[in-house]
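Input: a single structure, listed below in structure tokens.
Worth knowing before you read on, the calculation uses all heavy atoms, side chains too, and leaves out hydrogens, waters and symmetry mates. All of these numbers come straight from a predicted model, not from anything done at the bench.
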Amino acid sequence: MADETPSPRPAWALACRRIAWVAGTLTFLLSAVLLYNSFRLYRGAGNGKLRVVEASGLLPLKSKLREDPKNEPLKAEIRELDRRVREEYFVREKLAGRAGWALLASAVVLLGTLHGARILSRPKFAMAGVTGRPPDPNIKASVAARAVTVSALGLAGMALPLVWDVSAQWQHSGTAETPAGGSGGAGSSTVPAADDFPSPEEIAANWPRFRGADGSGVSSLTDVPETWDGPSGKNIVWKTPLELPGENSAVVWGGRVFTSGATEKRREVYCHEAATGKLLWKTPVGTPQSERAEPPEVMEDTGHAAPTVATDGRRVCAIFANGDVAAISMVGKQLWVRSLGAPENMYGHAASLVLWRNVLIVVWDQGAADDGKSKLLGLDVVTGKPLWETPREVANSWTSPLVIEVNGKPQVITSADPWVIAYNPADGKEIWKAKCMEGDVAPSPVFANGLLYVGCDRTCIAAIKPDGTGDVTETHIAWKQEDAGLPDMCSLLCDGPRVYTLVFGILYAFDAKTGKALWEHDTKVKFEASPSLFNGKLHLLGSKGEWLSGTADDEGFKETGRNNLGEGIGASPAFMPGRIYLRGEKNLYCIGNGG
Amino acid sequence: MSKESDLSRRELLKTTIRGIGLLGFGGTGGYLVGRESQSETRWQIDADKCIQCGRCATDCVLEVSAVKCVHTHGMCGYCKLCTAYFEPEPVNLDEGAENQLCPTGAIARKFIEEPYYEYNILRDLCVGCGKCVKGCNMFGNGSMYLQVNHDLCINCNMCAIAVTCPAQAFRQLPASSPYKLRGKGEGGK
Amino acid sequence: MRRAAGWIMLVCLLALAPVAFGVERFPPPDFTDHKVPHLVVPGPETRGVGWIDVVVLSVGLLWASWLSLKGRSRRGVVVLSILSLLYFGFWRRGCVCAIGSIQNVALGLADPTYAVPLSVVALFTLPLVVALVWGRSFCSGVCPHGAIQDLVLVKPVKVPTWLDEVLRVLPWIHLAAGVLLAATGGMFLICKYDPFVGIFRMAGPRVMLVAGVAMLVLSMFVGRPYCRYLCPYGALLGVASRFARWRPTVTPGACTQCRLCETSCPFGALNPPQPVATARERVAGARRRLVLLVVLLPLAAWGFAWIGGRAALLSMPLHPQGKLAALVAAEARGEISPPLPDELLAFHQHGADLPAAMSSAMALEKRFLMLGRVIGGLFGLVIALKLARILFPEPTPDYETDSGRCVSCARCFSACPYELLRRGVPVAVPEKGGRNG
């Protein structure tokens, strides 16, 4: 440590060395003690948790005591353990401080003696140690340069796999405008991309919205059970009560069944496990605005949760009568919520939601046609912010929109009084419209045979060719049927050759190509739910829980079977392989063979 | 190209760079010092953001965390059944270890008048785990909350708890008013 | 039992109410004869006063510079470094320090609302200014991190040149990462991975303390491992001191190349004589330099800018907001199953403003990308210039301290016979080339 070198003093040097040994040993021991102490204070690596806070041994004892509050020995045991844990904590905490200072002191002694020993045993200024040839700086430089080059390249090389990884994520989530791996900064590896939406195959394999992927109520499945009975439980796989009422239908995605329910005050979205019926989560939906606002007036039959939820397997979107629209993650966390305000709607809002790519389509019809209050909204599913908003010159309606593809281009079909209008879901621009509706339009349209079938109870059932532009009232209405069988509430159903309507318990059939009335069949059952089709049979769901199945041809309807749910049905069923998910008045049912 | 000119050229280059460097460092320093926002700060918790995750107790660089519970008595309901003091479902409403929530017994309970009890934090025992704060926030008035105690805090350049705080509840407040207390007129020294 | 039942009912009732903060559920009672205590909070500790730090720092820097340039006293440097260790280290508990101040300055420049206290600005600028004039005297005399490593060095081992050069790239990586995360307002990485601050405070995370002790044990045999192979501020000081007006010289007089000082530097900062190139070599050298300048510099800058941008994106989860966004995104994809991590709990408890979280994450991502590219490009330049310096060393006729690496520790002085003569120690001056040269 000194500049001048004193003459060697071997005795002192030896003493220093001995003290250094002692101090070194002490330093080592103290370090070990401190390390052990630290493990006793904390659990786990790093800091982990404080042992005294965890005191995990206490928890089971405490819960045991709660079951048996009179158990005095147990109480004493808890107190004793609690005291021991706390005492150890405070003793060890003090020890940590003191041993730390001791360690510092012994380390200083160790260093001092080590330096002392070195200095004391160092010879006087000597020329020793300088031997051999002087180093050749050039060789050293080239070796070093090579090493640095190699390590720089190595560094870059190490980074490369990561870079590819990032690029790959970019490619996965990059938007069309941003080429993958390009210099643009729009891509992201951590933020969910706006264009992460399911493939058509994925959608077709699920039941993502009201009346299935295409909104037709038609399923191509053939292994769906046809006979079952609610009260006796025959072929009922499970039955789970639903907490809040709702007229909406069940949708199914990836082993989960989604429904919603609401009263004046509360709104909830439910997720049940498709296999067992277990409630996986329920998520309340609400906004400060809607909590303060007056609840909307609704008709009892419609309720506060008439619209069916829609899912894309990334989120579930739900809308309620008070105008709260929300997206919930697949594990039940609310992603966003917006309040559209209570609509001016005679019976209560009922139009279901539809998802197209990243757009949540909301038909928000209210008031009269000339009020200027009705609109179609396209919300960003990721943020809930409106992507576009298109005013509609229509009155309040209760039909669910349909997304169809015409000549490779998507159209959102809406049906209201007086216009049937098609929009581009990407920007909300109107494509075509036809004036053929009147009154309270409730039956949702269906699309089949390249024709759009719409109907209402005042004017007509009509088939519209959806390839026009502008006002197509005069040009694109393929046929119109204005006499009998005009639907009032239940949506239309098309099995290919025929279109069916269901009104006041009577099933009417029309020729799908010409609109010619074929026959009518009085079932003497009251219907609210929309009819469905699978296994080549029509399935009609009565409002008292009757389920009629039957075959139909150009001649008439032949009832082949009748099931009974045992409670009222207002919802349409969801068909999955081997299973029907059906919402009754109070319970959610899973129907399957051998249940 | 003589040796001398080579060296002098190097020297000139160095002088230029040195000048630029001096100007740069001086300018940076001057800019930062001259800025209005320049002032001493202290770390503090925004109690409204805190979710009582328990990391304050473990992530402080001090052996015992500088974060401790404080209690605004003016907001306290003096409940007989204090959810900050008692375990959920206490066997008896007394100070037996089996009933207390605080792992270090750092809350003193004192009878005032029926049915009111006063609760005081024993600062030396508190480790800042936030269990009582959770109880008080969930079911009570929220009069107990966590704060960085500035006689203990060594005001690290980057607070180790602030980095790991899942609620991003740490703020840097001016050193002149380093607490974010609840209740009106609180904050005596 | 009745009490318990009542309690459960109470809980049920309250559970229905939305969780709120600081809500008055139970009105505070009006006591007739009990005074409700006033909340008393302890005042801030007064160990550190900004302007005292600045004064101590300035005095220390001047003193250290004088000791290494004029006083030429190792003993003085040791005394000063012990004093600095005690003040900046154990008294001020290592915080704030010049090394950490890089981050404050980076954040201060990036975010105009961020307050950088005077002492921190001084800690950042003064040592750099001094380095431009007198070399790295901060490292030897004032920096507590340098002092603690230097004081425990008992048996230095020479690090091979190639390994030394490679390891000296690490501080730049540390600096790049530290500046990136600080300027984006994420965290102070350099503080988080500071090995000695736990020792100064005598407390800290176990990992930090164990790493600190390990680093100290290493420092007993390898001279200043943190300074040389990790310290980001040392990297900056190294660049500054290359342009220093004055810096320590081994000999107070003329060098006779006796080679006695050759092994005296434990930090590999003493350069042997570098022959002046012949005219022909100079031409070849100039040509190679030109190639380097035209090809290698832009290539390195571009390449590392590219890597930097992407590495920055990868490091985004180190930023609290980036981490939250990643968690929220994962949750939205249904990849997170309960129990939720604390970050998500906090997110949901505070209204789960997904749009805000996402848009701030997007903005953050852009900043990461941009900063990452800039920092990566600069890093590439540093690497290329490092290569250039190794390949084209300055011609030095004598044994000289390396302008960038010398930390002014004053060890080499006493190895020089001329220095001993100057001090009045009677020694025989050896001939050129040493005994066996």
Which atoms of B:Gln147 approach chain C - backbone, side chain, both or neither, heavy atom under 4.5 Å
neither

Contacting region of B:Ile112 [heavy-atom separation from chain C under 4.5 Å]
side chain

Side chain / backbone / both / neither for C:Asp111 at chain B, heavy atoms under 4.5 Å
backbone

Just give me the residue among C:Pro320, C:Pro29, C:Cys97, C:Cys95 that pairs up with chain B most often, heavy atom to heavy atom, under 4.5 Å.
C:Pro29

Per-residue contact mode, C:Val197 against chain B (heavy atom under 4.5 angstrom):
neither

Where on C:Arg245 is there a heavy atom nearer than 4.5 Å to chain B: the side chain, the backbone, both, or neither?
both

Keeping the roles fixed (side chain from B:Asn141, backbone from B:Cys76), state whether a donor-acceptor pair exists under 3.5 Å.
no

Between C:Leu128, C:Val239, C:Val96, C:Val36, which residue shows the highest count of heavy-atom pairs closer than 4.5 Å to chain B?
C:Leu128

Among C:Val133, C:Asn104, C:Leu132, C:Val129, which residue forms the greatest number of heavy-atom pairs with chain B at distances under 4.5 Å?
C:Leu132

If we ignore hydrogens and angles and just use 3.5 Å, is the side chain of C:Gln103 paired with the main-chain N or O of C:Ile190 as donor and acceptor?
yes

Polar contact flag, side-chain donor to acceptor under 3.5 angstrom, B:Asn155-B:His150:
no

Salt bridge check: are B:Arg109 and B:Asp94 linked by an N-O gap of less than 4.0 Å?
no

Checking B:Tyr78 against B:Glu118: is there a side-chain donor and acceptor pair closer than 3.5 Å?
yes

Heavy-atom cut-off 4.5 Å, strictly under: side chain, backbone, both or neither for B:Phe25 against chain C?
both

Fit a plane to each ring of B:Tyr85 and B:Tyr119, take the angle between them on a 0 to 90° scale, and name the class: parallel (under 30°), tilted (30 to 60°) or perpendicular (over 60°).
tilted

Which answer fits C:Ala244, side chain, backbone, both or neither, if we ask what part of it has an atom under 4.5 Å from a heavy atom of chain B?
backbone

Can a salt bridge be assigned to the pair C:Arg201 and B:Glu63 using a cut-off of 4.0 Å between side-chain N and carboxylate O?
no

Looking at B:Ala167, B:Cys156, B:Gly26, B:Ala160, which has the largest count of heavy-atom pairs under 4.5 Å with chain C?
B:Cys156

Judged by modelled atom types alone, do B:Tyr145 and B:Asp48 share a side-chain donor-acceptor pair under 3.5 Å?
no

